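Since we're looking at a predicted model, the values are computed, not measured. Indexing begins at 1, ligand by ligand and atom by atom, following the structure's order.
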Amino acid sequence: MRIPLEIVPSCQFMDQESRDFIRSRIDEDIKSGDLPAGVVTRFPPEPNGYLHIGHAKSICLNFGVAAENGGKTYLRFDDTNPAKEDELFVQSIQRDVHWLGFEWAHLTHASDYFNELYQFATNLIKDGKAYVCSLSGEEIREQRGTLTEPGQNSPYRDRTVAENLDLFMRMRAGEFADGEHVVRAKIDMSSANINMRDPVLYRIRHVSHQRTGDEWCVYPMYDFTHCICDALEGISHSLCTLEFEDHRPLYDWVIENANVNYHPPQIEFSRLGLEYTVMSKRLLARLVEEGFVSGWDDPRMPTIAGLRRRGVTPAAIRDFCARIGVTKQENRVEMNLLDFCVRNDLEKSARRGMGVLEPLKVTLTNWTDGVLDLEGPWHAQNEELGRRTLPFSGTLYIEKSDFALDPPKKWKRLAPNEMVRLRYGFIIRCDEVVVDGDEVVELKCSYFPESRSGEDTSGLKPNGVVHWVSAEQAVAVKIHEYERLFRVPDPTADSFLDDLNPASVTIKDGFVEPAIVAHEDTHYQFERQGYFCKDSENPNCFNKTVSLREGF
Ligand code: ATP
Ligand code: MG
């Protein structure tokens with residue numbers, strides 16, 4: 001999807017967003033007086049991995065529409081699959097939702113409702129609308145039919161209510177092994193919608209659950225659980241992604257047949273896809289488990305934790321979600337749009353400073369003043385951020401790429417016998433180049449004492465302005481620069497490991513001015529270089545968040 005990246009105030013997108021089809025629907029429901037308890041939404045992650053930026057779209061939508069209408073949102077852990085779930089993920093999900101700037105009214109778990117769910121399944125059995133089936137998983141799959149052929153009725157479909165109730169109780173009591181029996185809805189094995197061909201509602205799993213321990217050995221399936229939890233929590237709009245559209249008839253069937261007294265509407269919207277990455281917890285888990293990345297919070301990951309560690313801000317993610325909007329059209333959004341939102345936010349908020357990524361030593365041959373404290377604003381357009389001290393001395397580092405032995409025409413940086421200004425400092429001229437073989441290892445320069453920034457009376461016309469640090473006071477740091485994690489815009493589940501970009505991280509030994517290391521803030525613009533963020537795990541390590549311009 002091509003979204004124009006001109007600087008359009010994001011409120012324009014917000015206006016457009018406020019009229020997306022879900023918000024229009026909610027407006028109508030409010031107007032028609034259908035919502036006695038107001039707008040109630042839920043964000044229902046399965047705690048089987050870290051949240052990614054696709055989840056952020058759902059979070060912004062669910063929490064956003066509730067907040068806009070004075071309603072409330074549940075954070076509900078969909079924890080019905082004990083084998084894959086972990087308390088670690090429960091904690092990380094809460095942290096990430098908070099970090100994105102949202103507050104839930106209630107924190108719940110599908111497992112809070114295991115008793116009620118068991119009761120509703122019993123209701124279905126009593127009404128002859130569900131039965132215990134003793135086919136194996138494989139047999140059930142084989143007999144389900146295809147898109148063009150109907151399925152076959154299970155030989156256990158006509159068990160009596162009494163027999164079904166007895167078997168279900170004994171399943172619960174732990175009398176059977178995993179897979180021996182399941183509970184299935186009795187709907188229609190010839191339905192055009194395969195989800196309606198007697199779907200499994202309950203299965204046996206002798207697995208300890210992260211919250212309920214060994215209390216249960218039967219666990220409800222997603223399609224049975226989700227709608228009932230929505231009903232019990234009084235969810236006014238159950239917003240989910242498009243792949244659940246085909247499950248909606250089952251959602252409605254369960255609510256209508258299990259004697260649930262409230263029927264929430266399910267409304268589907270498209271998933272967020274992002275170019276050059278994958279967006280499924282299952283695939284992201286493989287990258288972590290198989291060591292292709294350093295963890296769920298590797299700065300190359302599209303996880304909230306990875307984006308945070310890279311230096312992406314919550315405001316940028318919220319802005320991104322507002323700009324992509326909510327539709328029913330599946331697509332992959334360009335990474336450039338996220339980068340754009342990040343720059344837009346950091347442009348306003350990040351302190352400026354100087355960092356040299358590939359240092360070239362500069363010796364000022366006529367410098368005799370020891371260390372001189374210069375100073376500069378933390379942000380030229382935002383005086384509120386104050387100023388910082390910048391030590392200057394006779395030995396400096398500049399960026400290797402700011403010097404050319406044989407400069408092209410209109411070169412705006414340093415070259416033999418040419419002058420540049422050192423930002424907030426003095427004008428220098430390169431008098432002598434020290435080489436080691438082909439490599440330039442040092443520049444011997446002179447500085448002009450009367451050219452100090454702000455009080456320049458030299459009348460000199462330097463080529464340009466370059467950034468620098470004072471060699472002795474600068475802090476040696478590791479700088480991690482990232483490329484896309486995948487080398488193709490649309491990696492797929494089948495081949496994503498082959499599509500990994502083998503060079504997605506470059507580590508440089510650089511130097512930054514001491515005030516940056518001393519300050520408590522984490523986000524900085526290194527002038528002329530890009531936005532960088534202090535790494536949360538490693539001292540004196542900076543992650544490059546984004547370049548200053550698209551494609552830079
Ligand atoms: P994954 O395949 O990454 O595990 P999921 O849909 O299984 O995703 P859940 O934890 O079940 O993940 O998702 C919680 C909520 O987030 C669901 O309502 C789901 O629809 C929504 N969601 C997940 N991925 C996306 C996405 N890429 N875009 C928008 N919403 C998403
Ligand atoms: Mg899932």
When His237 is tested against each of Thr41, Asp29, Asn62, Asp230 for side-chain hydrogen bond (donor to acceptor under 3.5 Å, both in side chains), which residue passes?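 Only one of Thr41, Asp29, Asn62, Asp230 forms a side-chain hydrogen bond (donor to acceptor under 3.5 Å, both in side chains) with His237, namely Asp29.
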Partners passing ring-ring contact (aromatic ring centres under 6.0 Å, His included) against His98 (at least two apart in sequence or in another chain):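 His98 satisfies ring-ring contact (aromatic ring centres under 6.0 Å, His included) with Trp104 once adjacent residues are dropped.
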Counting only nitrogen or oxygen atoms and a 3.5 angstrom limit, does Asn48 reach ligand 1?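 Such a contact does not occur with ligand 1.
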Atom indices of ligand 1, in the order listed, that fall short of 4.0 Å to a heavy atom of Met279: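 Answer for ligand 1: 3 (O), 27 (N).
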Answer yes or no: is there a side-chain heavy-atom contact under 4.5 Å between Thr303 and Asp96?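 Sidechains of Asp96 and Thr303: no contact.
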Can you confirm, on distance only, whether ligand 1 has an N/O atom lying under 3.5 Å from any N/O atom belonging to Arg282?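 No, no N or O pair falls under 3.5 Å.
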Can you tell which of Arg76, Arg271, Arg42 gets a heavy atom nearest to atom 8 (O) of ligand 1?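 Result: the heavy atom closest to atom 8 (O) of ligand 1 is in Arg271.
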Answer yes or no: is there a side-chain heavy-atom contact under 4.5 Å between Asp20 and Thr327?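 No - every pair of side-chain heavy atoms lies 4.5 Å or more apart.
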Ser280 heavy atoms, cut-off 4.0 Å: which ligand 1 atoms fall inside?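 Listed by number with element: 2 (O), 3 (O).
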Could you label the plane-to-plane angle of the Trp216 and Tyr118 rings as parallel, tilted or perpendicular, counting under 30° as parallel and over 60° as perpendicular?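 If you compare the ring of Trp216 with that of Tyr118, the planes turn out tilted.
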Atom indices of ligand 1, in the order listed, that fall short of 4.0 Å to a heavy atom of Pro45: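 Here the atoms of ligand 1 in question are 10 (O), 14 (C).
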His226 vs Tyr222 aromatic rings, parallel, tilted or perpendicular, using cut-offs 30° and 60°?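 Rings of His226 and Tyr222: parallel, as their planes differ by under 30°.
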Measuring from atom 7 (O) of ligand 1, which candidate in Lys281, Glu243, His52, Glu268 has the nearest non-hydrogen atom?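 Nearest option to atom 7 (O) of ligand 1, by heavy atoms: Lys281.
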Can you label the angle between the Phe542 ring and the Tyr524 ring as parallel, tilted or perpendicular, going by 30° and 60°?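 The arrangement is perpendicular - the two ring planes meet at more than 60°.
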Looking only at N/O atoms, are Phe269 and ligand 1 under 3.5 Å apart anywhere?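 Not met; the criterion fails.
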Going by the atom numbers of ligand 1, which of them fall below 4.0 Å from some non-hydrogen atom of Pro44?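 Those qualifying, in numeric order: 14 (C), 18 (O).
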